**Q** 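Quick one: the structure is below, and I'll ask about it shortly.
Atom set for the values below is all heavy atoms of this structure, side chains included, hydrogens, waters and symmetry mates excluded. The structure displayed is predicted, hence computed values, not measured ones.
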Amino acid sequence: MDSIEKAALLAPMAGISNLPFRIIARSFGCALAFTEMVSANGLIRDSQRTLDYLRSSDEDKPLGVQIFGADPYIMAHAAKIAADYGADLIDINMGCPVRKVIKTGSGAALMRNPALAGRIISSVVQAVTVPVTVKIRAGWSRNSINAVEMAQIAENAGAQAVTVHARTADQGFSGNADWNVIADVKKSVSIKVIGNGDIFRPHDAIRMLMETSCDEVMLGRGALGNPWIFKWIIKLKTGNTDECLPPPEEILKMIKYQWQKEKELSGAKSAAKNFRKHMLWYTRGLENSACFRKRAGMCSDEKSLMNELNKYFEYLIESNPFEYGIK
Ligand SMILES: Cc1cc2nc3c(=O)[nH]c(=O)nc-3n(C[C@H](O)[C@H](O)[C@H](O)COP(=O)(O)O)c2cc1C
């Protein structure tokens with residue numbers, strides 16, 4: 001797991017952490033990227049839709065495949081399938097609070113069932129030769145913070161690292177991540193601890209490393225529309241505080257590159273539908289982006305969306321408000 005020793009990692013994010021997004025993050029120095037969570041049941045049923053989540057390429061290395069499930073045997077079998085498909089690491093999801101997932105006893109529900117969690121981890125570790133990591137929450141609820149116990153279980157079961165999203169499952173994404181939990185976990189295990197939660201700026205990453213002594217940091221939402229953040233974090237680690245967004249020409253180039261890759265992956269129709277959110281993230285905070293967002297929201301096909309995108313970036317590049325219809 002040399003890769004974990006380098007820079008910041010890209011979090012597994014459903015509907016987001018696909019091949020194009022991972023490749024772009026890597027091009028800015030992201031050291032390790034994860035697939036979105038993949039159903040262990042879907043993998044063992046050989047469901048094509050599920051297998052599609054494993055699509056990867058030579059540039060997409062090292063790759064962590066995250067699986068979720070609640071049955072140790074099925075999880076082991078699924079991990080083996082993912083490893084045979086080329087996963088460099090298997091990550092077990094013990095943090096997803098979505099109803100559909102927890103009602104099957106998977107995801108964050110495992111924070112309430114440490115004994116089963118331990119059996120799942122052991123079973124996966126025994127099934128594959130690649131490293132196994134576990135992604136947990138701080139606990140199920142504020143009254144049951146048990147990240148330390150879960151991390152120790154993971155260590156004893158043979159996991160090589162634990163990622164702590166320092167919020168409780170019942171918090172969802174509300175409130176702040178409590179980084180003290182990451183620090184507590186770091187003090188209690190000797191495997192690697194990856195800190196996660198609320199890194200939106202490079203300084204947050206450095207602060208998390210310093211305040212918690214965690215080994216690495218993982219970014220989710222902070223990388224949306226801002227893959228450059230990985231480069232900024234590496235620079236900041238060496239004392240360079242430069243944190244400037246690239247010029248509009250380069251942002252536009254990046255959007256078009258990602259869009260093209262999305263099209264190659266899932267076809268033009270699906271890309272136009274799924275890619276809009278990335279465009280909105282890329283343009284967040286840019287001059288008069290509200291106007292662009294409104295217009296983009298009304299486009300349903302690639303041609304009209306591309307047209308709006310080009311018009312908006314022409315405006316940014318030339319800074320000609322009248323041309324863009326802003327009076
Ligand atoms: C849209 C979205 C989808 C997510 N999907 C997953 C997932 O599939 N597996 C997982 O372990 N966490 C998932 N997460 C949680 C992130 O991996 C991460 O733990 C969380 O966003 C906190 O980190 P952040 O503050 O850097 O965003 C998701 C988060 C978001 C915003």
**Q** Examine distances only and state if a side-chain atom of W259 and a backbone atom of M254 form a donor-acceptor pair shorter than 3.5 Å.
**A** no
**Q** Hey, could you give me the CD1/CD1 distance between I255 and I24, rounded to the nearest 0.5 Å?
**A** 10.0 Å
**Q** Whether the side chain of S289 engages the backbone of T283 through a donor-acceptor N/O pair (distance < 3.5 Å, no angle test) should be reported.
**A**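 Flag set: sc S289 to bb T283 pair under 3.5 Å.
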**Q** Would you say the side chain of L10 lies within less than 4.5 Å of the side chain of R22, judging by non-hydrogen atoms?
**A** yes
**Q** Hey, is the main chain of C299 close enough, under 3.5 Å, to the side chain of R276 for a donor-acceptor pair?
**A**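 Yes, the answer is positive, given that a donor and an acceptor are paired below the 3.5 Å cut-off.
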**Q** Looking at P72, is its backbone amide N or carbonyl O close enough to the side chain of S123 to form a donor-acceptor pair, meaning the two atoms are under 3.5 Å apart?
**A**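 Yes; judged by distance alone, with no hydrogens or angles, the pair exists.
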**Q** Is it the case that the side chain of S106 and the backbone of I102 share a donor-acceptor pair, with hydrogens and angles ignored and the cut-off at 3.5 Å?
**A** no
**Q** Is any side-chain heavy atom of L43 closer than 4.5 Å to a side-chain heavy atom of H77?
**A**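 L43 does not reach H77 side chain to side chain.
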**Q** With the threshold set at 4.0 Å, does a side-chain nitrogen-carboxylate oxygen contact exist between D184 and K187?
**A**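 Salt bridge flag = yes for K187 with D184.
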**Q** Just verifying a value: how many Å separate F275 CZ and E262 CD, rounded to the nearest 0.5 Å?
**A**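 The CZ atom of F275 sits 6.0 Å away from the CD atom of E262.
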**Q** Can you tell whether the side chains of K253 and E250 come within less than 4.0 Å, N to carboxylate O?
**A** no
**Q** Under 6.0 Å between the ring centres of F292 and Y312?
**A** yes
**Q** Measuring from L309:CG to R295:CZ, what's the distance to the nearest 0.5 Å?
**A** 12.5 Å
**Q** In terms of the angle between their ring planes, are W228 and Y282 parallel, tilted or perpendicular, with boundaries placed at 30° and 60°?
**A** perpendicular
**Q** Is it the case that the side chain of K277 and the backbone of G15 share a donor-acceptor pair, with hydrogens and angles ignored and the cut-off at 3.5 Å?
**A** yes
**Q** Quick one: salt bridge (Lys or Arg N to Asp or Glu O under 4.0 Å) partners of E302, sequence neighbours excluded?
**A**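 Expected list: K263.
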**Q** Taking R55 first and then D60, would you say they form a salt bridge - that is, a charged N and a carboxylate O separated by under 4.0 Å?
**A** no
**Q** Rounded at 0.5 Å granularity, tell me how far CG in L219 sits from CG in N196.
**A** 8.0 Å
**Q** Main chain of H165, side chain of R137: is a donor-acceptor contact present, judged purely on distance under 3.5 Å?
**A**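 Not a single qualifying donor-acceptor pair exists.
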**Q** Let me check something: do M75 and L51 share a hydrophobic cluster, defined by ILVMFWY side-chain heavy atoms less than 4.5 Å apart, either directly or through other members?
**A** yes
**Q** Under a single-linkage definition using a 4.5 Å side-chain heavy-atom cutoff for Ile, Leu, Val, Met, Phe, Trp and Tyr, are L54 and L265 assigned to the same hydrophobic cluster?
**A**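 Linked within one cluster.
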**Q** Could you pull out all residues at least two apart from D204 that satisfy salt bridge (Lys or Arg N to Asp or Glu O under 4.0 Å)?
**A**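 Scan of D204 (salt bridge (Lys or Arg N to Asp or Glu O under 4.0 Å), adjacent residues dropped) gives R207.
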**Q** Under 3.5 Å, is there a donor-acceptor pair between the side chain of R26 and the main chain of L32?
**A** no
**Q** Side-chain contact, heavy-atom cut-off 4.5 Å: M218 with F34?
**A**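 SC-SC contact between M218 and F34 confirmed.
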**Q** Using a strict 4.0 Å threshold on nitrogen-to-oxygen distance, state whether K61 and D88 make a salt bridge.
**A** yes
**Q** CG of N93 to CE of M37: how many Å apart, nearest 0.5 Å?
**A** 6.0 Å
**Q** Do N310 side-chain atoms and M306 backbone N/O form a donor-acceptor pair below 3.5 Å?
**A** yes
**Q** Would the distance check show the side chain of D198 and the main-chain N or O of N176 forming a donor-acceptor pair, the cut-off being under 3.5 Å?
**A** no
**Q** Stepwise, does the side-chain contact (heavy atoms from CB on, under 4.5 Å) test hold for V193 with V162?
**A** CA-CA 5 Å; V193 175; V162 62; 4.2 Å; yes
